[in-house]
Amino acid sequence: MNGNIEKRIEIIDMIKSLSNYFNDVRDALCAPYGLSSIQAVIVLDIYHHPDSAKVTDICKRLHKSTNTISPLINRLVAKGFLLKVQSREDARVTYIQLTEKTKSITENINVDIYDFTWPMFESLTEEEFDKIYDCLKLLLKVTSE
């Protein structure tokens, strides 16, 4: 299915607009904690995957290079948001962990994001909500292939 070129361009533009919207929301929610948007993404990733938080794990999940993520992690360590812990089994392996301060900040950011975005769905009918849900699942499926 070739699809309509204008619609493809419009879909791409809609995705860009949504991405910008969510980046702006994340920036606004993270600024009070002294975190940039990408720093918050790293912190949230570690929060949700505490047992697999080596730099390479984080890079894979975020689809970023170590050249991008490592300096950000180093800044977060310097600011006291993260800790680097050397593996007892293999000294070459370093795990990244949240500090106690960062755990509570991360919980607040998670709550803030849900509080901020949840009302968007209130104006939708059940049918509209189901359409969005189904379309997003399909989009995620085709982008992960």
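Remember, predicted model here, so these are calculated numbers, not experimental data.
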Could you state whether [X] and [Y] fall into the same hydrophobic cluster, counting links through intermediate Ile, Leu, Val, Met, Phe, Trp or Tyr residues with side-chain heavy atoms under 4.5 angstrom apart?
X    : Y    : result
L124 : M120 : yes
V85  : V77  : no
L62  : L76  : yes

Check whether [X] reaches the backbone of [Y] with its side chain - one donor and one acceptor, N or O, closer than 3.5 Å.
X    : Y    : value
S70  : N67  : no
Q86  : T94  : no
T106 : T102 : yes

Which atom of I73 lies closest to which atom of V55, heavy atoms considered: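 Here I73 and V55 meet closest at CD1-CG2, 3.9 Å.
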
Can I get a per-line list of side-chain donor-acceptor pairs under 3.5 Å for residues 28-46, giving both atom names and the distance, sequence neighbours left out?
{"residue": "Y33", "atom": "OH", "partner": "D112", "partner atom": "OD2", "Å": "3.2"}
{"residue": "S36", "atom": "OG", "partner": "Q39", "partner atom": "N", "Å": "3.2"}
{"residue": "S36", "atom": "OG", "partner": "Q39", "partner atom": "OE1", "Å": "3.3"}
{"residue": "S37", "atom": "OG", "partner": "R26", "partner atom": "NE", "Å": "2.8"}
{"residue": "S37", "atom": "OG", "partner": "D27", "partner atom": "OD1", "Å": "3.4"}
{"residue": "Q39", "atom": "OE1", "partner": "S36", "partner atom": "N", "Å": "2.9"}
{"residue": "D45", "atom": "OD1", "partner": "H49", "partner atom": "ND1", "Å": "3.4"}
{"residue": "D45", "atom": "OD1", "partner": "R61", "partner atom": "NE", "Å": "2.8"}
{"residue": "D45", "atom": "OD2", "partner": "R61", "partner atom": "NE", "Å": "3.1"}
{"residue": "D45", "atom": "OD2", "partner": "R61", "partner atom": "NH2", "Å": "2.8"}

Residue pairs fulfilling salt bridge (charged side-chain N to carboxylate O under 4.0 Å, His left out) with at least one residue in residues 91-107, sequence neighbours excluded: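 Qualifying pairs, neighbours excluded: D90-R92, E100-K103.
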
Qualifying salt bridge (charged side-chain N to carboxylate O under 4.0 Å, His left out) pairs, either residue in residues 66-85, two or more places apart: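 Matches after skipping sequence neighbours: none remain.
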
Spacing of N74 atom CG and I96 atom CD1 [to the nearest 0.5 Å]: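 Spacing of CG (N74) from CD1 (I96) equals 8.0 Å.
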
Euclidean distance, C59 SG relative to I69 CD1, rounded to 0.5 Å: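 If we round to the nearest 0.5 Å, I69:CD1 and C59:SG are 5.0 Å apart.
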
E122 CD: over 12 foreign heavy atoms closer than 6.0 Å: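 Buried by this count: over 12 neighbours within 6.0 Å.
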
Partners passing side-chain contact (heavy atoms from CB on, under 4.5 Å) against Y95 (at least two apart in sequence or in another chain):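 side-chain contact (heavy atoms from CB on, under 4.5 Å) check on Y95 returns K54, S87, V93.
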
Heavy-atom check, side chain of Y47 versus side chain of I109, under 4.5 Å: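 The answer is no; the side chains never approach within 4.5 Å.
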
Show the atom names and distances, to 0.1 Å, of all donor-acceptor pairs under 3.5 Å that link a side chain in residues 128-135 to residues at least two apart or in another chain.
{"residue": "E128", "atom": "OE1", "partner": "T125", "partner atom": "N", "Å": "2.8"}
{"residue": "E128", "atom": "OE1", "partner": "T125", "partner atom": "OG1", "Å": "3.4"}

Pair up each side-chain donor or acceptor in residues 9-21 with any protein partner under 3.5 Å, not counting sequence neighbours, and list the distances.
{"residue": "S17", "atom": "OG", "partner": "D13", "partner atom": "O", "Å": "3.1"}
{"residue": "N20", "atom": "ND2", "partner": "K16", "partner atom": "O", "Å": "3.3"}

